[in-house]
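Count residues from 1 along the sequence.
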Amino acid sequence: MARLSLFLVVFLLLLSFVFAKEAYIRPNGGEGSLKPEECAAACDYRCSATSHRKPCLFFCNMCCQKCLCVPSGTYGNKGECPCYDNWKTKEGGPKCP
């Protein structure tokens, strides 16, 4: 009985570590931290505070599909995702919102 309890405690600790690590990576951006199907939700939040929602969503989703990351928050934090931050327009401005 004690072996079973010890095994269960160890298993639950390992399981919580795996989920805690996954929860830690995703909110902080980072290249490859998202799956393509998660881009829409991440961009929806990223563009939630702008008055130019439609173009923001268009470019955010394009950038997310390429980089598989979206910086945390609704503005800034682009350093979390260098691919997202370094993609520029022809004029040299930022392509990703």
Would you say the side-chain atoms of N77 pair up with the backbone N or O of P71, donor to acceptor, closer than 3.5 Å?
-> no
Rounding to 0.5 Å, atoms SG (C83) and NZ (K78) come to a distance of 12.0 Å
Nearest-0.5 Å distance that lies between atom SG in C60 and atom OH in Y45 = 12.5 Å
Any side-chain heavy atom of F59 within less than 4.5 Å of one from C43?
-> no
Flag yes if F58 and W87 sit in one hydrophobic cluster, no otherwise; membership is Ile, Leu, Val, Met, Phe, Trp, Tyr, and two members link when side-chain heavy atoms are under 4.5 Å apart.
-> yes
For Y75, the other hydrophobic cluster members (4.5 Å side-chain criterion, sorted by chain and number) are none
Indicate every side-chain donor-acceptor pair of residues 61-69 with a distance under 3.5 Å to a residue at least two apart or in another chain.
| unit_1 | atom_1 | unit_2 | atom_2 | d |
| --- | --- | --- | --- | --- |
| N61 | ND2 | L57 | O | 2.8 |
| Q65 | NE2 | P36 | O | 3.2 |

The side-chain contact (heavy atoms from CB on, under 4.5 Å) partners of N86 (sequence neighbours excluded) come to P82
Would you please name every residue forming a side-chain contact (heavy atoms from CB on, under 4.5 Å) with T89, sequence neighbours left out?
-> E91, K95
Of all pairs that satisfy salt bridge (charged side-chain N to carboxylate O under 4.0 Å, His left out), the ones with a partner from residues 43-60, not counting sequence neighbours = D44-R53
